[in-house]
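Below is one structure, written out as structure tokens; comments come after it.
Values reported hereafter were calculated over all heavy atoms of this structure, with side chains retained and with hydrogens, waters and symmetry mates removed. Along the sequence shown, residues are numbered consecutively beginning with 1. Since we're looking at a predicted model, the values are computed, not measured. Just follow the structure's listing: the first ligand is 1, and inside any ligand the first atom is 1.
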Amino acid sequence: MHINPGRIRAIRDGEAHGPVIYWMSRDQRVSDNWALLYSLDIARRLNEALAVVFCLTPRFMGATAEDRSYRFMLDGLKELEKRLSGLGIAFILAHGDPGDVIPSLIDDSRAGILVADFSPLRISRTWKSMVAGRTEIPFHEVDAHNIVPCWIASQKQEWSAHTFRLKIRKHLAEFMEEFPDPRPPPRPWRESVDNRWNAPADQDAPSWMIRSGEQAAAAQLERFISEDLDLYASHRNDPTRDVQSGLSPYLHFGQISAQRVALNVMAVGGDHSEFLDELIVRRELADNFCYYNEHYDSMDGMPEWARTTLDDHRGDRRDYIYSHEELECAKTHDDLWNAAQLEMRIRGKMHGYLRMYWAKKILEWSESPEDALRTAIRLNDRYELDGRDPNGYTGCGWSIGGLHDRPFGERPVFGKIRYMSYGGMRRKFDVRKYIDRIFQMADQ
Ligand SMILES: Cc1cc2nc3c(=O)[nH]c(=O)nc-3n(C[C@H](O)[C@H](O)[C@H](O)COP(=O)(O)OP(=O)(O)OC[C@H]3O[C@@H](n4cnc5c(N)ncnc54)[C@H](O)[C@@H]3O)c2cc1C
């Protein structure tokens, strides 16, 4: 099986003897998963068994077992367990901190090699260095999330989509390849596995609720391509039309591969460059930012010009200042903002165009840019199904901290940060229609 070696890097090299463990984290799927394909390839070469391990921590970046995103993830993992078992691959749902759980699983199973998928986020990097420090077997990392592996797309933090686009284009032809089908490993896992699932599935979900899992993700992609793709370029900024793909929760949990999305979109023909630019350039730029900037979720990580201009306007009078709780409960004077906040709370996904407005108003109504960024990230991570993602830190940074953007005309509070107004939104789409729709949803 050919897997481009550029997708893989060794956290620790060495010769492998024994079963293979794929520690799955960010890429929670069977189909189109380079980390799984690579693990299967090693298992075949070693004539060994393979287990996929997922570590369930009681809290993950502020999410608890009661949260919708946690349930969404568990529903997806249950489907994954079935699909893996159909391929003769054991799935172990381990409970606890990966820094403890993975090393003891390696000991118990006498595993010969560990494979992990890639994430640029702090928590994942900390876990990996803990695991590396407590184990001795070879440990490889595969970027199964990005089309062009993050470390190949660019070797430094890029300052704009423009500079990144030029770099990523050079590598796209090489990495935009079809995936082979996963085939069963040569041997079964020795120990039998009986997973403990501690959260019930969401039985009575309303129709607008986003369904979890690889099958739901594939169906959403098919629906988007047949119904909305042709309207994307012209109507994607109209929240009343909702022609966005709706794929971000699936991409976030790795229930669908961005490369699969790109391949299927390109296969239908026509010019879909606007969509592909968001999916490839903007999404992979977010990974680039979080990978190369350790302050990705604070004002310290924002560009110098933006911090300076925001500093200059620190003392400006704010017409409204809202507390975190007032914002969380959608209790502002602005009915559009309240509706967007409600959409996020109820559905777990705010329309993309409103996310910019939403975050910029938080800057306008907070005591300081630092407070604004903290609040936006906290709400985004808590309520968006696609939250806790490089796209979220980058989106909040773009809106509030001028990240990947340029200076605009100077105005109070914002300085030279790009501004968005209620009037501007009204000129773009039927604000009343959107608000009414969200309040109807809230009444259901
Ligand atoms: C303040 C703010 C917060 C955001 N928080 C998140 C978040 O937590 N998680 C998240 O996935 N996206 C986030 N975004 C980016 C974007 O709004 C969402 O990815 C998009 O709205 C998701 O809906 P969709 O899948 O239907 O998008 P589509 O428009 O159909 O786009 C397809 C895919 O392209 C990618 N994409 C689209 N726009 C962007 C963008 N601006 N930056 C990076 N990737 C993009 C996403 O992976 C998306 O799923 C945020 C943007 C802002 C301004």
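The contact shell of ligand 1, taken as protein residues with any non-hydrogen atom closer than 4.0 angstrom, comprises Tyr232, Gln244, Ser245, Gly246, Leu247, Ser248, Leu251, Phe275, Glu278, Leu279, Arg282, Arg283, Lys349, Gly352, Arg355, Met356, Ala359, Asn380, Asp386, Gly387, Asn391, Gly392, Gly395, Cys396, Ser399.
Residues that satisfy the side chain to side chain donor-acceptor pair (under 3.5 Å) test with Asp287, not counting sequence neighbours, are Arg26, Asn146. Remark: Ser25 pairs with no residue by the side chain to side chain donor-acceptor pair (under 3.5 Å) rule, at least two apart or across chains.
In summary, Glu81 and Lys78 do not engage in a salt bridge, as defined by a charged side-chain N under 4.0 Å from a carboxylate O.
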Please tabulate, for side-chain N and O atoms in residues 171-179, each donor-acceptor pair with protein atoms closer than 3.5 Å (sequence neighbours left out).
unit_1, atom_1, unit_2, atom_2, d
Glu174, OE2, Asn4, ND2, 2.8
Glu177, OE2, Arg7, NH2, 2.9
Glu178, OE1, Arg260, NH2, 2.9
Glu178, OE2, Arg260, NH1, 3.2

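For Arg437 and Phe439, the positive end is not near the middle of the six-membered ring at less than 6.0 Å and at most 45° from its axis.
Tyr434 and Asp238 share no donor-acceptor pair across their side chains, judged by distance under 3.5 Å alone.
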